[in-house]
Amino acid sequence: MKEARTQQPELIEANAEFAAAEDQYKVKLSMFEGPLDLLLYLIRKEEVSIYDIPIARITEQYLEYLRAMEELDIGVAGEFLVMAATLIHIKTQMLLPRDPDAPEEVIDDPRADLVYQLLEHQKFKGVANVLHQRAMMEAAAFTRASMESDDDNPEVAATVFQLFEVFKEVMDRSRAITEIEIARDEMTMAEKIAEIKLMLNNSSDVSARRLFERAGSRREMVLIFLAVLELVKELAIRLTQAETFGDIMILKRDA
Amino acid sequence: MTVDELKPIIESLIYVSEEPITVKQLAGILEGESVDDVQTAADQLAEEFNSRGGGLEVRQLAGGYRMTTRLELSEYVRRYLKSQPSARLSLAALETLAVIAYKQPITIPEILEIRGVTSTSAIKTLLDRRLIVAKGHKQVVGRPMLYGTSKDFLIHFGLNDLSELPNLEDFEDLMTS
Amino acid sequence: MTVDELKPIIESLIYVSEEPITVKQLAGILEGESVDDVQTAADQLAEEFNSRGGGLEVRQLAGGYRMTTRLELSEYVRRYLKSQPSARLSLAALETLAVIAYKQPITIPEILEIRGVTSTSAIKTLLDRRLIVAKGHKQVVGRPMLYGTSKDFLIHFGLNDLSELPNLEDFEDLMTS
């Protein structure tokens with residue numbers, strides 16, 4: 001992967017763009033994908049060591065960039081502000097007097113975490129470039145034309161996320177069509193029986209029509225109907241009808 | 001270009017072409033080369049390629065050149081194709097699979113209630129593909145069969161167990177922002 | 001069967017397979033042949049096939065063998081297929097992919113921590129292009145989804161396995177050089 005280290009198209013491109021810009025602030029925010037990119041750029045521009053960052057100077061420059069971005073009306077993302085706070089924090093830490101008695105190796109450099117993060121970020125940027133080059137190379141390799149049999153053999157051709165997406169769609173659709181039915185899906189006939197019994201405890205008779213009108217869905221209506229039949233069978237209730245086509249009254253049977 | 005330089009290019013073009021590729025088509029891509037040279041190169045290529053005794057052949061078919069596996073090897077090719085899953089899952093099957101994955105164990109009437117349409121043929125496909133398995137009977141009237149996902153399902157989707165299925169939060173993590 | 005007899009069969013199977021075909025798959029079709037023999041035959045085949053100087057190559061990709069046109073001939077192939085190179089990944093997507101490739105399995109918050117920026121839209125792109133896959137949930141508060149690279153990732157970047165990724169430490173002193 002040697003070629004990756006000498007030839008980094010994205011970086012070269014970025015530098016060229018900077019050199020060309022008369023006013024270095026007139027830089028597109030999109031060039032810095034995040035605060036770490038901006039910091040790496042500043043460190044490179046100032047030609048300072050990443051292992052010994054002059055934090056006060058870099059912080060000042062960093063803040064200047066943020067101000068310039070604001071002036072140019074480029075929205076500054078929250079991540080840039082978080083990094084600004086981190087830099088200022090490190091700066092104040094650096095100003096604190098160190099314990100002169102503490103042995104050298106115990107002294108924590110307040111910049112350590114940031115340096116580590118920058119180094120890691122830089123490595124991944126390097127790898128991203130290698131990947132980019134490999135993808136370009138690989139795009140030059142073609143495989144055979146599709147054959148008739150190919151249509152028959154692809155795999156399920158779905159990822160777990162697609163599976164979830166499909167599931168979500170089904171559920172949303174199901175909810176939209178039969179919202180009430182789903183909401184009452186847990187309902188059982190036993191619950192209906194208990195409900196009717198409770199109603200009969202409170203009043204001596206219950207109108208069947210009113211009972212069925214309370215049903216929110218066909219499913220519930222069927223359940224109520226079955227519950228009534230069950231209660232008749234159990235000899236817990238009796239049904240009376242004053243006139244043909246009239247309302248059926250449900251009466252409690254005395255045990 | 002010499003005839004020898006033309007041959008690898010022609011080989012790659014025959015390989016990627018969906019239909020038998022004609023000398024005229026080849027010459028069209030190889031701008032500046034005469035049809036005669038292209039013809040000579042293609043014929044030489046076919047002869048050399050076929051005399052290797054490899055598994056592939058360049059054959060002249062329908063006025064063009066085409067690459068195929070050798071006829072004598074068709075038994076192995078057929079065996080390979082048979083080993084491949086037979087068909088892409090239809091949306092109905094995928095939906096049914098999704099419902100079963102998230103609601104298992106589940107009966108056919110319950111799937112019907114969720115999907116709003118019958119899923120019997122989808123269930124058959126999923127059983128044939130071993131993505132779902134029967135998980136016994138539900139202890140309700142009619143004792144309908146319960147279905148759940150199989151080990152093949154986990155392997156296919158790269159999951160260790162069902163708890164690894166993405167949930168609504170995972171989905172929303174991606175969709176917001 | 002001798003190794004020499006296996007080679008043409010393997011050649012034809014590599015040709016018909018849509019994805020890189022593994023030694024295990026090959027051995028499964030070549031019933032009765034040892035995995036070692038199949039491996040030897042496949043390796044010999046690849047070497048012989050590639051040393052012909054033809055327009056095609058047998059390459060080792062994503063743990064299997066795959067036939068492709070030679071990279072140098074892409075101009076002609078592209079001209080014939082009138083194909084456009086597929087959409088390039090953005091730098092953000094590539095960087096996110098790099099982090100996932102080396103730190104997998106990894107969650108979105110962990111990627112954020114390394115990159116200093118949210119990567120959800122990059123992750124969505126990578127999932128859509130099937131370069132990464134969900135790898136279950138991390139057993140921590142909130143059970144966030146874990147992500148890792150896919151087989152398509154290896155194919156897309158021409159890798160046989162993850163060990164072929166460049167050494168991360170090679171990029172340590174980029175700035176000082």
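Looking only at side-chain heavy atoms (C-beta outward), C/I9 and C/E5 stay at 4.5 Å or farther from each other. Within the 4.5 Å cutoff, the side chain of B/Y76 has no heavy atoms near those of the C/L26 side chain.
Interface residue B/Q25: only side-chain heavy atoms are found under 4.5 Å from chain C. Neither the backbone nor the side chain of B/D4 comes within contact range of chain C; no heavy atoms are under 4.5 Å apart. For a residue to count as touching a neighbouring chain, one of its non-hydrogen atoms must lie under 4.5 Å from one of that chain's; by this rule C/E72 does not touch chain B. Of the atoms belonging to C/T68, it is backbone heavy atoms, and not side-chain ones, that fall under 4.5 Å from chain B. For B/R70, no part sits under 4.5 Å from any heavy atom of chain C, backbone or side chain. Looking at C/L13, only its side chain comes within 4.5 Å of chain B, counting heavy atoms on both sides.
Ranked by non-hydrogen atom pairs under 4.5 Å with chain C, the options B/E31, B/K7, B/R52, B/E18 are led by B/R52. When each of B/G28, B/G53, B/S163 is checked for heavy-atom pairs under 4.5 Å with chain C, B/S163 comes out on top. Of the listed residues (B/I14, B/I21, B/I29, B/T69), the greatest number of heavy-atom pairs within a distance under 4.5 Å of chain C belongs to B/I29.
Between the side chains of B/Y80 and C/S17, at least one donor-acceptor pair of N or O atoms lies under 3.5 Å. The closest side-chain donor-acceptor pair between B/D36 and B/S34, if any, does not fall under 3.5 angstrom.
A salt bridge links C/E19 to C/K151: one of the charged nitrogens lies within less than 4.0 Å of a carboxylate oxygen.
Rounding to the nearest 0.5 Å gives a distance of 6.5 Å between CD1 of C/I10 and CG of C/L45. Going from atom CZ of B/F49 over to atom OH of B/Y65 covers 14.5 Å, rounded to the nearest 0.5 Å.
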